[in-house]
Amino acid sequence: MRRVLSVIAGLLIAGLAWEGYKAVGNPEGTVLFGVRVLPRADDLSMPHLWTIADRLGAPELAGGRPVWQVVLDACAFTLGITAAGFLAGALIGLVLAVAMQRFRIVERGLLPYVILSQTVPLVALAPLIAGWGGVVMPPWATVAVIAAYLAFFPVAVGMLRGLQSPSASGVELMRSYAAGWWRTLVKLRFPAALPYLFPALRLAGAAAVVGAVVGEISTGTRGGIGRLIIEYSREATSDPAKVYTAMLGAALLGLVVAAAVSLLEVPLMRHRRHVEVVTL
């Protein structure tokens, strides 16, 4: 309930900040030393929130479906791709973290390249992945690969930190029980890594959404929210509120993914606390 109230309060604050800046901001933007430091506050650049809400209920085209339904269908399409990319990226990250924790030489040799992989601009990488996989994979799978590429990094780094978090005394205790590496991993290291894993999964979920949206834009995949943003942005001059409806859909998609990870976190962390209490 506290999280729900926090989300509602955050949305209210964001809405008040939007309308407050629109009321007092310069329609031409605030320019400092020849550089625009604050955006334009005119109706073309910043429509009123109620204008965006009215546009959601209006037909996308004359006699067509309402915009909210088109945006919702596009979000559902992108959500499926995001889920596939997120699961693949999380699995890859977990495997890499376990391998790097098990073998120090793997950590020393692989971790720098894992970090280096995130320095490649996604807009440059996405067309390459589309070109490599376009012959053997459908367009949605190419976008899922791009989402997985962004999602695996926070899981690999966060999980590695969590697997290395148990104290030396705890590891020595497992050795005194003649517990092997696998049993130590399952009974000690993995439970200790859960507080590190779930923040990493939330970051991975957000990264997967970004990867899916950018991938749809870069590869031209139709049906998703990324492509819808491009299509609506072409009408920004005549119908600026329409662009923001697609952006709201992308933001809603990110919230759904974060909420899904949080729902997974509750039972596992509750079980972990229960085990700690029983152990003590």
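Distance alone, capped at 3.5 Å, is enough to place a donor-acceptor pair between the Thr78 side chain and the Ile225 backbone.
Here the shortest heavy-atom pairing between Tyr232 and Ala246 reads CD2-CB, 3.8 Å. Residues Leu203 and Pro154 share a closest heavy-atom pair of CB-CB, 4.0 Å. The minimum heavy-atom distance linking Ala151 with Ala208 is given by the pair CB-CB, 4.2 Å. The heavy-atom pair separating Ala156 from Leu96 by the smallest distance is CB-CB, 4.5 Å. Contact detail for Tyr196 and Gly158: the closest heavy-atom pair is CB-O, 3.5 Å. Between Gly249 and Cys75 the shortest heavy-atom distance is O-SG, 3.2 Å.
At a threshold of 4.5 Å between non-hydrogen side-chain atoms, the residues Phe77 and Thr221 count as touching. Side-chain atoms of Leu111 and Ile115, non-hydrogen and from C-beta on, do get closer than 4.5 Å to each other. For the pair Val98/Leu163, a side-chain contact is recorded, criterion being any heavy-atom separation below 4.5 Å from C-beta on. Residues Arg40 and Glu28 meet the side-chain proximity criterion, which asks for heavy atoms closer than 4.5 Å. In this structure the side chain of Tyr21 reaches within 4.5 angstrom of the side chain of Pro39, judged on heavy atoms. At least one side-chain heavy atom of Arg222 sits less than 4.5 Å from a side-chain heavy atom of Glu231. Ile81 has its side chain within reach of Glu216: a pair of non-hydrogen atoms, C-beta onward, lies under 4.5 Å apart. No side-chain heavy atom of Met174 sits under 4.5 Å from any side-chain heavy atom of Arg189.
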(request) Might you work through the side-chain contact (heavy atoms from CB on, under 4.5 Å) test for Leu94 and Val155, ending with a clear yes or no? (result) CA-CA 6 Å; Leu94 288 173; Val155 177; 4.0 Å; yes
(request) Decide side-chain contact (heavy atoms from CB on, under 4.5 Å) for Leu188 and Arg183; before the verdict, give the C-alpha distance in whole Å, the side-chain angles of both, and the deciding distance to 0.1 Å. (result) CA-CA 8 Å; Leu188 176 64; Arg183 186 173 294 274; over 6 Å; no
(message) Please evaluate residues Val114 and Phe152 with respect to the criterion side-chain contact (heavy atoms from CB on, under 4.5 Å), reporting the C-alpha separation (whole Å), side-chain torsions for both, the decisive distance (0.1 Å), and the verdict.
(response) CA-CA 9 Å; Val114 171; Phe152 91 94; 3.8 Å; yes
(request) Please test Met159 against Gln164 for side-chain contact (heavy atoms from CB on, under 4.5 Å), starting from the C-alpha separation and ending with a verdict. (result) CA-CA 9 Å; Met159 190 62 177; Gln164 294 174 340; over 6 Å; no
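Cluster annotation: Ile230 and Val67 are assigned to the same hydrophobic cluster (Ile/Leu/Val/Met/Phe/Trp/Tyr, side-chain heavy-atom contacts under 4.5 Å, transitive). Both Leu160 and Val106 are part of a single hydrophobic cluster, where members link through side-chain heavy atoms under 4.5 Å apart. Taking hydrophobic clusters as Ile, Leu, Val, Met, Phe, Trp and Tyr residues chained together by side-chain heavy-atom distances below 4.5 Å, Leu185 shares a cluster with Leu197. Transitive grouping of hydrophobic side chains (ILVMFWY, heavy atoms separated by less than 4.5 Å) keeps Val95 and Phe190 in distinct clusters. No continuous path of hydrophobic side-chain contacts links Trp140 to Val209 [ILVMFWY only; heavy atoms under 4.5 Å].
To the nearest 0.5 Å, atoms CG (Leu253) and CG (Leu79) are separated by 5.5 Å. For the atom pair OG1 (Thr184) and CH2 (Trp181), the distance works out to 9.5 Å, reported to the nearest 0.5 Å. Atom CE of Met247 is separated from atom CG of Leu228 by 11.0 Å, given to the nearest 0.5 angstrom. Asp239 CG to Arg55 CZ: the interatomic distance, rounded to the nearest 0.5 Å, is 4.5 Å. Distance check: Glu235 CD to Lys242 NZ gives 3.5 Å after rounding to the nearest 0.5 Å. In this structure, CD1 on Ile146 lies 6.5 Å from OG on Ser218, to the nearest 0.5 angstrom.
Ile105 CD1: 12 or fewer foreign heavy atoms inside a 6.0 Å radius.
The side chain to side chain donor-acceptor pair (under 3.5 Å) analysis of residues 80-97, with sequence neighbours excluded, yields no pairs. Counting only residues at least two apart or on different chains, no salt bridge (Lys or Arg N to Asp or Glu O under 4.0 Å) pair has a member in residues 77-103.
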Give the table of side-chain donor-acceptor pairs shorter than 3.5 Å for residues 41-51, with sequence neighbours excluded, one pair per line with atom names and distance.
from  : atom 1 : to    : atom 2 : distance (Å)
Asp42 : OD1    : Ser45 : N      : 3.3
Asp42 : OD1    : Ser45 : OG     : 3.0
Asp43 : OD1    : Lys22 : NZ     : 2.6
His48 : ND1    : Glu19 : OE1    : 2.9

